[in-house]
Amino acid sequence: MTPKKYMRENFKEVVHTTLNPEGPGVVRIHLIPPKVEKGKVQASVAIINGQDIIPVNSAWSILLAEFIKEVNKHHGKEVSDAEVEEILENTCKAVKKVYWMTPKKKFREDIHTMMETFKQVAYGEEVTEDIGYMNIGQYAEFMKAPHRMDVMVSAMEKNGHWNCNQCCVHCYAAGQHQAVEEELTTEQWITILDRLREIGIPQVTFTGGEPTMREDLFELIDHAKWFVSRLNTNGIKLTEDYCRRLRECEIDSVQITFYSSNKEIHNKLVGADHFDETAAGIDNAIKAGLNLSINTPLCTLNKDYVETLKYLKEKGVMYVTCSGLITTGNALTEASEELQLSTEEIKKILADAADFAYANGMEISFTSPGWIEEEFFKEHALSPPNCGACLSNMAITPGGNVVPCQSWLSGNVLGNILTDQWEDIWNSEFCRKRREYSGLMLGRCPLRKECK
C-alpha cells in the first residue's frame, strides 16, 4: 500500500488520544488529516492540548495514526510494560505494510521522538527536536474548521427572566440579541458536539451566559471527552461536590472570572453579593485537582491587580489571565465606559503584574488583542494576543447560530450549526474575509473601542 492510498482509505477524520490522563501533565493529541488538493497531500498537523500546532509529514502521520489506534485500545486503564510492548509491536506491523523497507527499529525511534517532543510541548519544556513549529496564520489556508469552538450553552435570559446569578457591569453578552435566544435542549447540544467532532474541531469551551445554570452541564461535558474541554464560569456554583463531579466528567480546565480580592469591588463589578461563593469556588477547584486559571477583566476600580495576584497566589493559583474590557453588550453603556482604562494605564498595571507573577512562579497572559504594541510584550516576556475570530476560534450561540467569536454577537450570524452545511458556513464570504484578516496575525480586535 502506498502512503497516498493509506491516507485516502484510512485517514478521513481527526484521530485523538490522551496520554497520562490522571496527570500531572496531561498530553492531549489531535492528529488532523491532511488536506488533499489536485492529487497532492499537504502536511498533517498534530495539535497538542488544543493549542500548539506541529507539522507532521506523511510518514509520521501514518505512524502516529496507527500508534493512537493501538493506544486507544487500552483507554481507561493503566498500561503495563507488556502492553506498551504490544502497542509498539502492533504499530510497527501496521506501518510496515506501507513502508516495508524501513526497519522496525526506526519506527520505534520515531515514536519515542514524537512522544517526547509532544510531552515537552505540553509541559512547556525546552523542545530538543527541530520540529518546525507552525503558527496558525501559516496554517490557515489548509484549515477546514477552527481549533476551538465556544459553545454558549446558557442564554442570558430564559422564560422572560434574567438567567445568570450575577449581573456584571461589563458583561459583553448582556443586551445582545444572540445571547438571549431560546436555549437548545440537551439532545440538540449533544448533536452539536457530535457534529463538531465530525468537522474535526479539537477543543470546546462551555460558556454562556453562565453555563453552570444548566442542570445538564455534567452530561454535556461527559459527552465531550473526545475534545480538549474547558469551562468558563463565575465560580459561584463550584462547591466541593460540583468540582468532584467536574473531575469525574474529565473536564480539562476551568477558568473562573474573579474581579478583585477586595470584596466590595468584586461585588460591585459583578452586580451581586457573591464574593464569598466565588472565592470558595476557587478553593474547591484547587482542592479537587482541577486545572484552574483565573481571569480578571481590568478597569479603574480593580487596577490594584497585584493585590489580587497576591491573594490568588496564597490560595495556590498558578495560572492567571487579564484583559481590557470587551466593548460590546453592557460594556457599551455609560456606566462601563466610565470605568475603562487607557492604554498607558493598562501597560503600567500589566508590567507590575508580570513582575510579581514571574517572581512568584505564576504564569500570566494578557488576552485583549490590539490594546498594546508588540514591543511592550517583548520587553516584559509576554506573548502578544491576536484576534482569532473565524480562524483559531468561533462560537455557537444558545440557539445554535454560528458567530465569529463569543463576543461578536450582533449582526454577524454565519449560519446555524444544526441546519446549515459546515462548509457553507466556513467558506462564507464574511467568514473567509475575517479568517484572512486573522491569519495576518495583526492582533487588533474589531470590537475594540477607544474610550479614553
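In this chain, numbering begins with 1 at the start of the sequence shown. Everything numeric here is computed off the predicted structure, so don't read it as measured data.
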Interatomic distance, [X] atom [atom1] to [Y] atom [atom2] [nearest 0.5 angstrom]:
| X | Y | atom1 | atom2 | value |
| --- | --- | --- | --- | --- |
| Ile372 | Lys347 | CD1 | NZ | 7.0 Å |
| Thr17 | Arg28 | OG1 | CZ | 9.0 Å |
| Met394 | Ile417 | CE | CD1 | 8.5 Å |
| Phe206 | Phe227 | CZ | CZ | 8.0 Å |
| Met318 | Ile364 | CE | CD1 | 12.0 Å |
| Ile294 | Thr296 | CD1 | OG1 | 7.5 Å |

Please confirm whether the ring centroid of Phe118 lies under 6.0 Å from the ring centroid of Trp60.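 No - the distance between ring centres of Phe118 and Trp60 does not fall below the 6.0 Å cut-off.
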
Verify whether the ring centers belonging to Tyr259 and Phe275 lie closer than 6.0 Å.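 No, they do not, as the ring centres are separated by 6.0 Å or more.
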
Judged by atom type as modelled, is there a donor-acceptor pair below 3.5 Å linking the side chain of [X] to the main-chain atoms of [Y]?
| X | Y | answer |
| --- | --- | --- |
| Asn267 | His274 | yes |
| Asn163 | Ala155 | yes |
| Asn416 | Leu418 | yes |
| Trp226 | Leu193 | no |
| Thr278 | Asn234 | yes |
| Glu345 | Ser342 | yes |
| Gln255 | Arg230 | no |
| Trp426 | Met143 | yes |

Test salt bridge (charged side-chain N to carboxylate O under 4.0 Å, His left out) applied to Arg244 and Asp241, step by step: CA-CA 5 Å; Arg244 175 188 59 78; Asp241 181 66; 2.3 Å; yes

Looking at side-chain heavy atoms only, is the closest gap between [X] and [Y] below 4.5 Å?
| X | Y | result |
| --- | --- | --- |
| Leu64 | Met115 | yes |
| Cys387 | Pro369 | yes |
| Val228 | His30 | yes |
| Ile53 | His147 | yes |
| Trp371 | Pro385 | no |
| Leu184 | Thr191 | no |
| Leu231 | Thr205 | no |
| Ser260 | Leu301 | no |

Mark yes when over 12 heavy atoms from residues, nucleotides or ligands other than [X] sit less than 6.0 Å from its [atom1]; otherwise mark no.
| X | atom1 | result |
| --- | --- | --- |
| Lys225 | NZ | yes |
| Glu182 | CD | no |
| Lys315 | NZ | yes |
| Glu373 | CD | yes |

Do the rings of Tyr311 and Phe258 sit parallel, tilted or perpendicular, given the 30° and 60° boundaries?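 Because their plane-to-plane angle is under 30°, the rings of Tyr311 and Phe258 count as parallel.
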
Any idea which heavy atoms bring [X] and [Y] closest together, and the distance?
| X | Y | answer |
| --- | --- | --- |
| Ile48 | Ala122 | CG2-CB, 3.8 Å |
| Gly200 | Val14 | CA-CG2, 3.4 Å |
| Pro404 | Phe430 | CG-CE2, 3.5 Å |
| Ala389 | Cys405 | CB-CB, 4.4 Å |
| Ser428 | Leu414 | OG-CD2, 4.3 Å |
| Lys313 | Asn360 | CE-O, 2.9 Å |

Derivation and outcome, side chain to side chain contact (heavy atoms under 4.5 Å, CB included), residues Ser44 and Ile32: CA-CA 6 Å; Ser44 303; Ile32 311 297; 5.9 Å; no

Check the pair Tyr437 / Arg434 against side chain to side chain contact (heavy atoms under 4.5 Å, CB included), numbers first and verdict last. CA-CA 5 Å; Tyr437 176 88; Arg434 185 64 227 173; 2.7 Å; yes

Run Glu129 and Thr117 through side chain to side chain donor-acceptor pair (under 3.5 Å) and show every step you take. CA-CA 7 Å; Glu129 290 291 320; Thr117 299; 5.7 Å; no

Tell me which one of Thr308, Asn302, Ile346, Leu350 satisfies side-chain contact (heavy atoms from CB on, under 4.5 Å) with Cys322.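 For Cys322, the side-chain contact (heavy atoms from CB on, under 4.5 Å) check succeeds only for Leu350.
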
Intermediate values then yes/no, salt bridge (charged side-chain N to carboxylate O under 4.0 Å, His left out), Arg214 and Glu183: CA-CA 10 Å; Arg214 286 189 72 112; Glu183 288 182 358; 3.5 Å; yes

Does [X] come within less than 4.0 Å of [Y], counting only side-chain N to carboxylate O?
| X | Y | answer |
| --- | --- | --- |
| Glu198 | Arg195 | no |
| Lys119 | Glu116 | yes |
| Asp276 | Lys263 | yes |

Derivation and outcome, salt bridge (charged side-chain N to carboxylate O under 4.0 Å, His left out), residues Lys348 and Glu344: CA-CA 6 Å; Lys348 175 64 170 65; Glu344 290 306 311; over 6 Å; no

Checking side chain to side chain contact (heavy atoms under 4.5 Å, CB included) for the pair His170/Leu269: CA distance, chi angles, key distance, verdict? CA-CA 7 Å; His170 308 302; Leu269 289 172; 3.6 Å; yes

Please test Asn291 against Asp252 for side chain to side chain contact (heavy atoms under 4.5 Å, CB included), starting from the C-alpha separation and ending with a verdict. CA-CA 7 Å; Asn291 182 358; Asp252 284 287; over 6 Å; no

Just do the salt bridge (charged side-chain N to carboxylate O under 4.0 Å, His left out) check on Glu436 and Arg432 with the steps written out, would you? CA-CA 6 Å; Glu436 289 173 355; Arg432 179 175 50 78; 3.6 Å; yes

Verdict with supporting geometry, Asn165 and Glu210, side chain to side chain donor-acceptor pair (under 3.5 Å): CA-CA 8 Å; Asn165 44 17; Glu210 173 50 45; 5.5 Å; no

Donor-acceptor side-chain pairing of His16 and Asn72 below 3.5 angstrom: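 No, because no side-chain N or O of His16 sits under 3.5 Å from a partner of the opposite role on Asn72.
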
